[in-house]
Amino acid sequence: MTTPYSFAHNAYAGDLQQTWDHLIDGEESGVTVNVAGRVMLLRTQGKLAFATMRDSTGEIQLFALAALTEGFDEFVKLHLGDWVGVAGEIVRTKRGELSVKVASWKTLAVAQHNFGDKWAGIADFDLRYRHREADLWANEKSRTTLARRSDVVRAVRERCWAANFMEVETPILNPIATGASARPFTTFHNALDSEFYLRIAPELWLKRLVVGGFERVFELGRVFRNEGVSPRHNPEFTMLELYAAYWDFEDMMTFTEELIAGVAVDVLGSTETTYQGRSLSFSTPWPRRPMAELASEAVGEEVSVHTPRSRLAELLVERDVEVHDSWGAGRCLAELFEASAESSLWEPIFVTEHPVEVSPLARRHRRDPDLTERFESYAVGRELSNGFSELNDPVDQRSRFEEQARLAAAGDDEAMRIDEDYVRALEWGLPPTAGLGVGIDRLVMLMTDESNIREVIAFPTLKPLRG
RNA sequence: GCGCCGGUAGCUCAAUUGGCAGAGCAUUUGACUCUUAAUCAACAGGUUCCGGGUUCAAGUCCCGGCCGGCGCACCA
């Protein structure tokens, strides 16, 4: 069957529903439109036929009559899922349904596969994720979730632009994987005869752009981490990273809470929402609490990065956390926070002052050199963002990398490698700068009330079928 | 990677202690000039995820594999 190469489309279902809201039952408008979309339902009744057609804006009924519609006999043989282009008059039927009274029509594409359950849609996760096009066709919730993801990304971008941040792009193929603690994916470039890693974070490149003189930059892009999948982890995910010269971590916390609360207003119309049946408020300001304080409250005794490591290790063992020999007091404190306090942080909060040991790229705290000027925001018990005053001392940075290299040599395959290029970049002078990273997928989960990250990703990573 | 649960017609789901594998929708055919998940009638539709095993008999029980959901671990 040869189908048309184009269609002179000039009206959308959603607009028509609004424009012709005033038509009374049985009234004809005298106005002819060309609409197009997918046949969702078909009801034939002898010499009449009614189809529900959907386009990207909504649904409208097609009303065909044997006496008036060209090719009526073919029209009633349309299949659910077929795409049609229709020309006809806007009318409201006697029973009150706004309709396009079909004068002429064309099949624009046929649906060779079909699903029958107009009520339950498609429920099988495997089918929904492997054939998202069918899922989107069948399930309203999937369409609204992915559309809202687009709204979130747009709002993030517009707010960054409005704050004079310049959008940039940095390499995804990298000779070393750095900027975060994670196992990378490896690949190989034939002509260069070199192994590359897919980026786990764009962080170091972005700071090099600040060194170069771009004072406010952001990147909204995909990063890749070779780790397990779960309802909250996809191997590739989207991160916002943003750097502002002359700011410190306090400034960046203020920007962060205003950004996220602002996105909520842009997308949801309010800072107030519910997540998985529980209320959630993004209204600012968010509390700012040092990690050691939160850990102390959770374990019922005063702990800090200065608490003897042996005591911290005891508290971890009490919580069934396996303590590695390579962990110092700083790592132990961070682990203790995660094991004791993290999951209870429902409303947005900034956890601050992470130990140097777990923050190899963050600047030392101005009041305690064993801590850093770092923050992570949490909501619904999960990390939402991460940021800090950036370490801009090349000597300190080199020693931090060397410490990471020692951990790597001791078997920590997530420890960072020494990035000589980056240390050299710092030698050119990084002004005081604060940075921020936000997991966009998880932010979208909060804004769509989804508990599974796969729902907010159009094509989540799946295991290829075999066998 | 480990643990628990799941996979039956194109889709959504049934199938009793192991006893002839079913329904609704979709498809096909017919009826019907205002339907709304239209309705009515009829036909057709199966490697019960794959491979073994136990049994007179397996969708059901056992072993292995594949894929998915959830939890743990890792992280964002």
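Owing to the predicted nature of the structure, the values given are computational and were not obtained by experimental measurement. Each chain gets a letter, A, B and so on, in the order the sequences are listed, and its residues count up from 1.
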(message) Heavy atoms from C-beta onward define the side chain here; which of B/U33, B/A37, B/G68 lies closest to that of A/Leu48?
(response) B/U33
(request) Go ahead and name the base partner of B/U36; Watson-Crick or wobble counts if both distances stay under 3.5 Å, otherwise write none. (result) none
(message) Students often get this wrong, so: under 4.0 angstrom with heavy atoms, is A/Gln61 touching a base, only sugar-phosphate, or nothing?
(response) base
(message) If I take atom CG in residue A/Asp126 and atom P in nucleotide B/G7, what distance separates them, rounded to the nearest angstrom?
(response) 13 Å
(request) Using whole Å, report how far CG of A/Asn226 lies from C1' of B/A73. (result) 15 Å
(message) Looking at A/Trp137, I'd like to know if the NZ or CZ of A/Arg38 sits under 6.0 Å from its six-membered ring centre while staying within 45 degrees of the ring's axis.
(response) yes
(request) Once you apply the 3.5 Å cut-off to both distances, tell me the Watson-Crick or G-U wobble partner of B/G51, or none. (result) B/C63
(request) Using the P atoms only, state how far B/C13 lies from B/A73, rounded to an integer number of Å. (result) 31 Å
(request) Report yes if a side-chain nitrogen or oxygen of A/Gln45 is closer than 4.0 Å to either non-bridging phosphate oxygen (OP1 or OP2) of B/C34; otherwise report no. (result) yes
(message) Regarding A/Asn234, tell me which of base, sugar-phosphate or nothing describes its non-hydrogen contacts under 4.0 Å with the strands shown.
(response) base
(request) Take the protein atom CD of A/Glu338 and the nucleotide atom C1' of B/A73, then report the distance between them rounded to whole Å. (result) 13 Å
(message) Only pairs with both distances under 3.5 Å count, Watson-Crick or wobble alike; so what is the partner of B/G1 in this structure?
(response) B/C72
(message) How many whole angstroms separate atom CZ of A/Arg232 from atom C1' of B/G69?
(response) 13 Å
(request) Between B/A31 and B/G24, how far apart are the P atoms? Round to whole Å, please. (result) 22 Å
(message) What's the gap between B/A58 and B/U29 when it is taken at their P atoms, as a whole Å value?
(response) 39 Å
(message) Tell me the interatomic distance from A/Glu455, atom CD, to B/G68, atom P, rounded to whole angstroms.
(response) 15 Å
(request) With heavy atoms under 4.0 Å as the rule, sort A/Asp441 into base, sugar-phosphate or nothing. (result) nothing
(message) Does the structure show a Watson-Crick or G-U wobble partner for B/U28, both distances under 3.5 Å? Name it, or say none.
(response) B/A42
(message) Distance check needed: B/C49 C1' versus A/Phe125 CZ, whole Å only.
(response) 18 Å
(message) If you compare every side-chain N and O of A/His79 against the phosphate oxygens of B/C25 (OP1, OP2), does one of them come in below 4.0 Å?
(response) no
(request) Sticking with atom P, work out how far B/G46 lies from B/A41, rounded to a whole angstrom. (result) 24 Å
(request) Go ahead and name the base partner of B/A15; Watson-Crick or wobble counts if both distances stay under 3.5 Å, otherwise write none. (result) none
(message) Counting only side-chain nitrogens and oxygens, does A/Arg130 get under 4.0 Å of the OP1 or OP2 atom of B/G68?
(response) yes
(request) Using the C1' atom as the reference point in each nucleotide, state the distance between B/C56 and B/G51 in Å, no decimals. (result) 24 Å
(request) Pick the P atom in B/A21 and in B/G3, then give their distance to the nearest Å. (result) 35 Å
(request) Ignoring backbone atoms, test whether A/Lys463 places a side-chain nitrogen or oxygen under 4.0 Å from the OP1 or OP2 oxygen of B/G68. (result) no
(request) Report yes or no: is the cationic atom of A/Arg278 (NZ for Lys, CZ for Arg) closer than 6.0 Å to the six-membered ring centre of A/Trp346, at no more than 45° off its axis? (result) yes
(request) For B/C5 versus B/G10, give the span between their P atoms, rounded off to a whole number of Å. (result) 28 Å
(request) Using atom types as modelled and distance alone, determine if a side-chain donor or acceptor of A/Asp449 lies under 3.5 Å from a backbone N or O of A/Gln276. (result) yes
(message) Regarding A/Ser230, tell me which of base, sugar-phosphate or nothing describes its non-hydrogen contacts under 4.0 Å with the strands shown.
(response) base
(message) Has A/Ser29 got a side-chain atom pairing as donor or acceptor with A/Val31's backbone, closer than 3.5 angstrom?
(response) yes
(message) At 4.0 Å (heavy atoms only), tell me whether A/Thr44 reaches a base, stays on the sugar-phosphate, or touches nothing.
(response) base
(message) Please compare A/Val229 and A/Ile122 by the position of their nearest nucleotide in RNA chain B and report the one closer to 5'.
(response) A/Ile122
(request) Decide, applying a 5.5 Å centre-distance limit and a 30° plane-angle limit (both strict), whether A/Trp119 stacks on B/A37. (result) yes
(request) Among A/Arg208, A/Glu241, A/Arg199, A/Glu203, find the one that has a side-chain hydrogen bond (donor to acceptor under 3.5 Å, both in side chains) with A/Thr170. (result) A/Arg199
(message) At 4.0 Å (heavy atoms only), tell me whether A/Gly121 reaches a base, stays on the sugar-phosphate, or touches nothing.
(response) sugar-phosphate
(message) Under a plain distance cut-off of 3.5 Å, with no hydrogens placed, do A/Ser142 and A/Asp135 share a side-chain donor-acceptor pair?
(response) yes
(request) Report the residue (A/Arg454 or A/Gly439) whose heavy-atom-nearest nucleotide on RNA chain B is the more 5′ of the two. (result) A/Arg454
(request) Report yes if at least one side-chain N or O of A/Asn114 is closer than 4.0 Å to OP1 or OP2 of B/C11; otherwise report no. (result) no
(message) Taking B/G64 as the reference, what is the distance to B/U54 when you measure between their C1' atoms (whole Å, please)?
(response) 15 Å
(request) Give a yes/no verdict on a cation-pi contact between A/Arg132 and A/Phe459, requiring under 6.0 Å between NZ or CZ and the six-membered ring centre and an angle within 45° of the axis. (result) no
(request) Write down the distance between CZ (A/Phe115) and C1' (B/A9), rounded to a whole number of angstrom. (result) 17 Å
(message) Expressed as a whole number of angstroms, how long is the span from A/Glu28:CD to B/C34:C1'?
(response) 12 Å
(request) Please determine if a side-chain N or O atom of A/Lys101 lies less than 4.0 Å away from the OP1 or OP2 oxygen of B/C34. (result) no
(message) Can you tell me the base-pairing partner of B/C20? Count Watson-Crick or G-U wobble geometry only, both distances below 3.5 Å, and say none if there is no partner.
(response) none
(message) If you take the centroid of each ring, where Trp contributes its six-membered ring, are A/Tyr378 and A/Phe337 closer together than 6.0 Å?
(response) yes
(request) Could you work out which one of B/C34, B/G68, B/A38 sits closest to the side chain of A/Phe63? (result) B/C34
